[in-house]
Amino acid sequence: MNVHIRKAEKGDEKLLAAMETICQLGTWRESSYDSEIKNVLSTYVIAEIDEKQIGFAGDWCVAEEAQIMRVGVIPEYRQNGIGKKLVVALMNDALNKGCDTMTLEVKSQNKAAITLYERCGFQIVGKRLSYYADGSDALLMTCDLKDEKKEDTL
Ligand SMILES: CC(C)(COP(=O)(O)OP(=O)(O)OC[C@H]1O[C@@H](n2cnc3c(N)ncnc32)[C@H](O)[C@@H]1OP(=O)(O)O)[C@@H](O)C(=O)NCCC(=O)NCCS
């Protein structure tokens, strides 16, 4: 599977909002992604196969810490290593911007995402009880970027 990872740019808002819905990530619409793309602190990356968009991920880099905001792969392309490529692309980008750690929150029952993050070098460091609107708990995960040697680059 020849997957290409590129940075999101102005004009990608609509497809990011569509993937947000398909991946059931949350309620961000085109206007939310318009703000995200304009924000100098944020980076969004898109995975493509033959110019078809099949996943995306985004983070915020603030001082030395990056926080993952979104990761989603459309259902028919899951479990092919695309989620990992997207997270690794964000990790490399954050490292290049001078970040030394990356953090995220994930629903405690989201086995696929937790496994993905563990494979990328994240560890569970805390739990936020009833963090999400549906009452489920969040696990807080972090990764020391300098400890992780990543092959893929953006
Ligand atoms: C989480 C998600 C992004 C993973 O994407 P993906 O492309 O399937 O992930 P990868 O193929 O790179 O898999 C990475 C690792 O996780 C494992 N994994 C992926 N899905 C899994 C599942 N459903 N159950 C168990 N392990 C799973 C893979 O086997 C792989 O481990 P390995 O390296 O030991 O083989 C995808 O399932 C998704 O979009 N889910 C809905 C949105 C979501 O929950 N996003 C995260 C919000 S915090």
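Everything numeric here is computed off the predicted structure, so don't read it as measured data. Whatever order the structure lists them in is the order used to number ligands and atoms, beginning at 1.
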Does the protein put a heavy atom under 4.0 Å from [atom]?
atom	value
atom 42 (C) of ligand 1	yes
atom 35 (O) of ligand 1	no
atom 16 (O) of ligand 1	yes

In terms of atom number and element, which parts of ligand 1 are under 4.0 angstrom from non-hydrogen atoms of [X]?
X	answer
Ala113	1 (C), 46 (C)
Gly72	39 (O)
Cys23	41 (C), 42 (C)
Thr115	16 (O), 17 (C), 26 (N)

**Request:** Out of Ala47, Ala112, Gly81, indicate the one that has the non-hydrogen atom closest to atom 24 (N) of ligand 1.
**Result:**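 Closest candidate by heavy-atom distance is Ala112.
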
**Asked** Taking atom 45 (N) of ligand 1 as the point of reference, which of Leu104, Asn80, Val71, Ile114 owns the nearest heavy atom?
**Response**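 Nearest heavy atom to atom 45 (N) of ligand 1 lies in Val71.
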
**Message:** Do Ile124 and Tyr117 land in one hydrophobic cluster if side-chain heavy atoms of ILVMFWY residues count as linked below 4.5 Å?
**Reply:**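 Yes; tracing contacts between hydrophobic side chains, which count when under 4.5 Å, links both residues.
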
**Cluster link Tyr131 to Val106, ILVMFWY, side chain under 4.5 Å** =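 No, it is not one cluster - the side chains of Tyr131 and Val106 are not joined through contacts under 4.5 Å.
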
Counting both backbone and side chain atoms, is some N or O of [X] under 3.5 Å from an N or O of ligand 1?
X	value
Asn110	yes
Lys111	no
Gly83	yes

**Message:** For Phe56, which part has a heavy atom under 4.0 Å from ligand 1: side chain, backbone, both, or neither?
**Reply:**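 Contact part for Phe56 vs ligand 1: neither.
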
**Asked** Backbone, side chain, both or neither: what part of Leu25 comes under 4.0 angstrom of ligand 1, heavy atoms only?
**Response**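 Side chain only.
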
Only distances under 3.5 Å count here; give the side-chain donor-acceptor pairs of residues 11-18 to other protein atoms, sequence neighbours excluded, each with its distance to 0.1 Å.
from: Asp12; atom 1: OD1; to: Arg6; atom 2: NH2; distance (Å): 3.1
from: Asp12; atom 1: OD2; to: Arg6; atom 2: NH1; distance (Å): 2.8
from: Asp12; atom 1: OD2; to: Glu9; atom 2: N; distance (Å): 2.7
from: Glu13; atom 1: OE1; to: Gly11; atom 2: N; distance (Å): 3.2
from: Glu13; atom 1: OE2; to: Gly11; atom 2: N; distance (Å): 3.0

**Asked** Do the side chain of Asn39 and the main chain of Leu41 share a donor and acceptor less than 3.5 angstrom apart?
**Response**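 Here the side-chain-to-backbone pair exists.
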
What's the shortest distance from [atom] to any protein heavy atom, and which residue and atom give it?
atom	value
atom 30 (C) of ligand 1	Arg119 CG, 4.4 Å
atom 48 (S) of ligand 1	Tyr117 OH, 3.3 Å
atom 37 (O) of ligand 1	Arg78 CD, 3.4 Å
atom 8 (O) of ligand 1	Gln79 N, 2.7 Å
atom 13 (O) of ligand 1	Leu116 CD1, 4.6 Å
atom 12 (O) of ligand 1	Lys84 N, 2.9 Å
atom 39 (O) of ligand 1	Val73 N, 2.8 Å

**Item:** Ring-face cation contact, Tyr44 with Lys7, 6.0 Å cut, 45° max
**Value:**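 No.
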
**Message:** Enumerate the ring pair (Phe, Tyr, Trp, His ring centres under 6.0 Å) contacts for residues 48-68, please, sequence neighbours excluded, ordered by first and then second residue.
**Reply:**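 Counting only pairs at least two positions apart or across chains, the ring pair (Phe, Tyr, Trp, His ring centres under 6.0 Å) contacts touching residues 48-68 are Tyr33-Phe56.
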
Heavy-atom side-chain contact between [X] and [Y] under 4.5 Å:
X	Y	result
Val73	Cys23	no
Cys120	Met91	yes
Glu65	Cys99	no
Glu105	Leu140	yes

**Message:** Please determine whether the number of non-hydrogen atoms from other residues, nucleotides or ligands lying under 6.0 Å from atom CD of Glu76 exceeds 12.
**Reply:**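 Yes, the 6.0 Å shell around CD holds more than 12 heavy atoms from other groups.
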
**Request:** Report, as yes or no, whether the 6.0 Å neighbourhood of atom NZ on Lys97 holds more than 12 heavy atoms from other residues, nucleotides or ligands.
**Result:**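 Counting neighbours around NZ of Lys97, more than 12 heavy atoms of other residues, nucleotides or ligands fall under 6.0 Å, so yes.
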
**Message:** Between Thr101 and Asp144, do the side chains contain a donor N or O and an acceptor N or O under 3.5 Å apart?
**Reply:**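 Thr101 and Asp144 do not have a side-chain donor-acceptor pair below 3.5 Å.
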
